[in-house]
There are 2 protein chains.
Amino acid sequence: MAPTISVAVVDAATSGNVGTIARAMKNFGVEQLLLVNPPPVGPGTEAHGFAGRARHDILPNAREVTFEYIVSNYHTIGFTSETNPTDTKGIRHPAKTPAQLAEAMEDVESDTALVFGRERTGLRNEELAQLDEIATIPASSAYPVLNLGQAATIALYEFRRITLAESQLPSDRLERAEEAEIEALYDHIDAFLDRIEYTPERRGKAGVMLRRLLGRAHPTTREVATLHGIMRETEQAVEKRG
Amino acid sequence: MAPTISVAVVDAATSGNVGTIARAMKNFGVEQLLLVNPPPVGPGTEAHGFAGRARHDILPNAREVTFEYIVSNYHTIGFTSETNPTDTKGIRHPAKTPAQLAEAMEDVESDTALVFGRERTGLRNEELAQLDEIATIPASSAYPVLNLGQAATIALYEFRRITLAESQLPSDRLERAEEAEIEALYDHIDAFLDRIEYTPERRGKAGVMLRRLLGRAHPTTREVATLHGIMRETEQAVEKRG
């Protein structure tokens, strides 16, 4: 069971950023938005304008809470672009990337809040000290400070491995079988065409066409296995008939 | 030699999106912005307001070009959230993710433009047909349509492996300590529990629990050293007392 992910935004000043975050939540499968001291986010605000289809559910269902409520009720991951190894009290915040944190959490079941701070100053050190884990988005050392909405978008994108059961891109279609598996499939196809005594004068072209077609489709291991199976059963049927 | 990455924005209507894209470029180490039929992006515009420090270089250095210029002068990667396997003419656009494309390009040297389309309608099919590769950002199948600025932000984030020589995160801070270091830490913890004469009937469980806890936390070399230090000093304190 994967954790439930919520997003918390602390003291956002600009309504548009909240809308941007709500839209990214909907794009990446996160539903619960927690707001500490928020700007107006109702109809007619920039939040509403920027939220896309999230204006129909995530924004109206957002809950206004206190920072203490978040700390008490969630496993918390605070985001900061501040990567000084120590804060003013000498406490080190060993920051991880969102990708590392999402990967480590895949098998953990706990209600988790991704916590984002103010536009200009982010989360304060005394706030960071109360959170369980600290994340930093890797960026240019010359300008590592991301805009609030953009930082949350990238964080939610990385956590999609936990929050999205399926994307619009079926991932198994993206994994091409090994070259050797595909070659073996081609060999089977050739033998199969011979076995069924495919019209000799069209035999050569048919073999090439099937290779091209399958090569372009980038078949997965499972698809290759299915194709072998279909040919095998067909061969058995031919055997019986013959 | 890695490819040089530029960003092209075609027919953007809202100045703010261009500013968001410029900021993400500066965050992730991309310099050249190409604009086809752009809105105003100078001082006083939303682009200027949203660009952060990119208002000082990327925005004023943006070049206004034609779509044909981009096609003729760059290796092009077009972004679309449209993942229908065929367009109206039955041509398939086999989309890859930005991560896959960036990985495949790490060893390729060619001037490459990441091409983004209009806010509502994206790139047209006749434009996509002229581009070399098609990318789609994996998102919720229920709502895969990202905002223009957010899509570009994620794309630039994924291409950072090519465009950023170094991020603000020293990578050694992120690295889990070697397994041998962690094992030595567990040994020390065991010896420590014995030394402090931890309740025998709870001794076994405590050791296991600490292993699990630390294993899940992926401690760094520095954190392992700190834990050794804490135990060592505690042992010395116990020694004096005893």
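Residue numbers begin at 1 in each chain, while the letters A, B, ... track the order of the sequences. Only heavy atoms go into these numbers, but all of them, side chains included; no hydrogens, no water, no symmetry mates.
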Q. By a 4.5 Å heavy-atom criterion (distance strictly below it), what part of B:A142 contacts chain A: side chain, backbone, both, or neither?
A. backbone

Q | For chain A, the option from B:L164, B:T226, B:L156 that forms the most heavy-atom pairs under 4.5 Å | A | B:L164

Q: Supply the atom-to-atom distance B:L146 CG to A:F28 CZ, rounded to the nearest 0.5 angstrom.
A: 4.5 Å

Q) What do you reckon, is CD of B:E183 surrounded by more than 12 foreign heavy atoms closer than 6.0 Å? A) yes

Q.
Under 3.5 Å, is there a donor on one side chain and an acceptor on the other for B:Y157 and A:Q150?
A. no

Q) Take atom CD in B:E31; do more than 12 heavy atoms of anything else shown fall under 6.0 Å from it? A) no

(Q) Rounded at 0.5 Å granularity, tell me how far NZ in B:K26 sits from OH in A:Y143. (A) 8.0 Å

Q) For the atom pair CE (B:M25) and OG (A:S140), what is the distance rounded to the nearest 0.5 Å? A) 12.5 Å

(Q) Using side chain to side chain contact (heavy atoms under 4.5 Å, CB included), reason through B:T20 and A:N147 one step at a time and then give a plain yes or no. (A) CA-CA 8 Å; B:T20 296; A:N147 159 275; over 6 Å; no

(Q) Using a 3.5 Å distance criterion without hydrogens, assess whether the side chain of B:R53 forms a donor-acceptor pair with backbone atoms of A:V145. (A) no

(Q) Looking at chain A, which one of B:N27, B:T163, B:I154 has the largest number of heavy-atom pairs inside 4.5 Å, strictly under? (A) B:N27

Q) Checking heavy atoms, do the side chain of A:E133, its backbone, both or neither come under 4.5 Å from chain B? A) neither

